[in-house]
Amino acid sequence: MATHHTHMLIIGSGPAGLSAAIYGARAGMKPILVQGIQPGGQLMTTTDVENYPGFRNVIQGPWLMEEMQAQAEHVGTRLMYDTIVEVDLSQRPFRLIGDSGDIYSGNVLIVATGAQAKWLGLDSEELLRGKGVSACATCDGFFYRGKKVAVIGGGNTAVEEALYLTNHSDDVTLIHRRDSLRAEKILQERLFANPKIKVLWNKEVLRFVGGGVPEGLVGLELRDTVTGAESAIEVDGGFVAIGHHPATELFRGHLTLDADGYIEVEKGSTRTSVPGVFACGDVMDKTYRQAITAAGTGCMAALDAERFLAEADFEAKLAVAAE
């Protein structure tokens, strides 16, 4: 068991955590970044990335994360292959314990643990993920220009995804297992008024059907939740939009969370309810959830943390001078 101390401690190694590390390292904070269960975050399971600025051609998600990791290390970040299992935010430096038994302490803490999309849990869904099955229309909708697409869900996210997809497709189907939507009324009105969208009520997905060479999604097998009758539709893209799980269980009781479990931050900043603790990326953002916005808030968190340390150091010097 070892103890690791740093000015800036970061949890999470997606675009948010790595961007925070790059800015923190360049400011001389010598950050330690604990990578967590999924080093690289959600982009490690993403294939084609076409909307990250700076690349004229399609790039691969894992490659992008490897490059960001290498950049963070190059400028002075220390990466730790561990998972935090316990936190103590009652005093600074903050004290965290890893699954390895190692102790990590930091004068400031940046939380970038992200969020995971909820999936239906079907074997066929797992098999065709990235091959026609997605959980992010704004990420992948562009690849389905002029094709048939379906969105599974009935809340705000599902309706927003369906509306967004009409920018690329004239044939969008929303599939919901009930006979009414949970989405806000204004979103429902926009959905029902859009001639490119049709709704299949009381239907659940039994299987995502693959085909072609290379294999990709070609259709959905459905079951009526009222009658039990089975049916099928042809689609080229299937978007699961049933919500996200923010990775915040570790911070419950330590940081203020909103009703959906996301870390609350002060408007226009990354400051949390505990001074010296900052949150960035999908763990605090349930609206945009893009790699570029995660990276942007990672930069914000590092700058906010740097300012916090500078102010704390200045106040400490004033206190010493007053003695």
Side-chain angles (χ1 to χ4, degrees), residues 1-45 62 65-66 68-116 245-257 261 263 270-284 294 298 301-302 304-306 308-310 312-313 316:
M1 185 175 71
T3 298
H4 313 278
H5 179 71
T6 177
H7 287 299
M8 181 180 290
L9 181 59
I10 303 167
I11 314 175
S13 55
L18 288 170
S19 295
I22 290 166
Y23 274 80
R26 294 185 73 252
M29 298 291 104
K30 298 181 179 178
I32 290 177
L33 186 151
V34 184
Q35 301 205 70
I37 294 173
Q38 187 179 35
Q42 293 185 75
L43 276 183
M44 294 302 289
T45 62
M65 297 320 300
E66 289 166 7
M68 290 183 73
Q69 177 178 314
Q71 183 180 7
E73 289 184 294
H74 176 73
V75 293
T77 302
R78 184 180 177 192
L79 299 182
M80 305 297 292
Y81 292 90
D82 204 350
T83 301
I84 300 300
V85 295
E86 186 178 333
V87 302
D88 180 0
L89 308 182
S90 61
Q91 61 182 355
R92 295 179 52 242
F94 304 114
R95 185 173 181 271
L96 290 74
I97 301 175
D99 186 58
S100 65
D102 283 9
I103 296 171
Y104 302 88
S105 69
N107 295 331
V108 291
L109 172 65
I110 294 178
V111 181
T113 47
Q116 294 289 333
H245 286 296
T248 54
E249 194 58 39
L250 188 64
F251 302 98
R252 195 170 296 278
H254 299 280
L255 297 174
T256 300
L257 310 179
I263 296 176
T270 61
R271 292 187 293 271
T272 71
S273 57
V274 174
V277 179
F278 307 86
C280 55
D282 289 7
V283 76
M284 48 71 80
D304 286 343
E306 183 186 352
F308 175 87
L309 286 175
D313 182 56

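Positions are given from 1, in the same order as the sequence printed here.
- Note: Ile84 CD1 to Ile11 CD1 = 5.0 Å, rounded to the nearest 0.5 Å.
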Quick one, Leu109 with Leu96, criterion side-chain contact (heavy atoms from CB on, under 4.5 Å). Give me CA distance, side-chain angles, the key distance, then yes/no. CA-CA 10 Å; Leu109 172 65; Leu96 290 74; 4.1 Å; yes

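- You'll find the side chain of Met80 reaches within 4.5 Å of the side chain of Ile32, heavy atoms only.
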Show the numbers, then the answer: is there a side-chain contact (heavy atoms from CB on, under 4.5 Å) between Val108 and Met29? CA-CA 10 Å; Val108 291; Met29 298 291 104; 5.9 Å; no

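- Among all heavy-atom pairs drawn from Ile10 and Pro31, the shortest one is CD1-CB, 4.0 Å.
- Using a distance-only test at 3.5 Å, with no hydrogens or angles considered, a donor-acceptor pair links the side chain of Thr6 to the main chain of Lys30.
- To the nearest 0.5 Å, the span separating OG1 on Thr270 from CE on Met284 amounts to 7.0 Å.
- Between Gln35 atom CD and Gln69 atom CD the span is 5.0 Å, to the nearest 0.5 Å.
- For the residue pair Ala20 and Ile110, the shortest heavy atom distance occurs at CB-CD1, 4.0 Å.
- Here CD1 of Ile97 is found 11.0 Å from OH of Tyr104. Values are rounded to the nearest 0.5 Å.
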Under 3.5 Å, sequence neighbours excluded: what are the donor-acceptor pairs made by side chains of residues 87-94?
unit_1 : atom_1 : unit_2 : atom_2 : d
Asp88  : OD1    : Ser90  : N      : 3.0
Asp88  : OD1    : Ser90  : OG     : 2.6
Arg92  : NE     : Asn107 : O      : 2.8
Arg92  : NH2    : Asn107 : O      : 3.3

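- Interatomic distance, His4 NE2 to Leu9 CG, rounded to the nearest 0.5 Å: 10.5 Å.
- Atom-to-atom distance recorded for Arg95:CZ and His5:NE2 is 13.5 Å, nearest 0.5 angstrom.
- Counting only residues at least two apart or on different chains, the salt bridge (Lys or Arg N to Asp or Glu O under 4.0 Å) pairs with a member in residues 270-279 are Glu266-Arg271.
- Across every non-hydrogen atom of Ala112 and Val283, the tightest pair is CA-CG1, 4.5 Å.
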side-chain contact (heavy atoms from CB on, under 4.5 Å) evaluation trace for Ile22 with Thr77: CA-CA 7 Å; Ile22 290 166; Thr77 302; 5.8 Å; no

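- Although no hydrogens or angles enter the test, the distance criterion places no donor-acceptor pair under 3.5 Å between the side chain of Asp82 and the main chain of Gly98.
- Counting all heavy atoms, side chain and backbone alike, Met1 lies closest to Asp102 at CA-OD1, 3.6 Å.
- Looking at heavy atoms from C-beta onward, Ile263 lies out of side-chain contact with Pro246 at the 4.5 angstrom threshold.
- Across Ala302 and Tyr23, no two heavy atoms sit closer than the pair CB-CB, 3.6 Å.
- Nearest heavy atom pair, residue Leu250 against residue Glu86, reads CD1-N, 3.7 Å.
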Would you please test Phe251 and Val274 for side-chain contact (heavy atoms from CB on, under 4.5 Å) and show each step? CA-CA 11 Å; Phe251 302 98; Val274 174; over 6 Å; no

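- In this view, Thr83 satisfies the side chain to side chain donor-acceptor pair (under 3.5 Å) rule with no residue, not counting sequence neighbours.
- Side chains of Pro15 and Met68 form a contact here, defined as non-hydrogen atoms less than 4.5 Å apart.
- Listed for the Thr272 side chain is a donor-acceptor partner under 3.5 Å among the backbone atoms of Val277.
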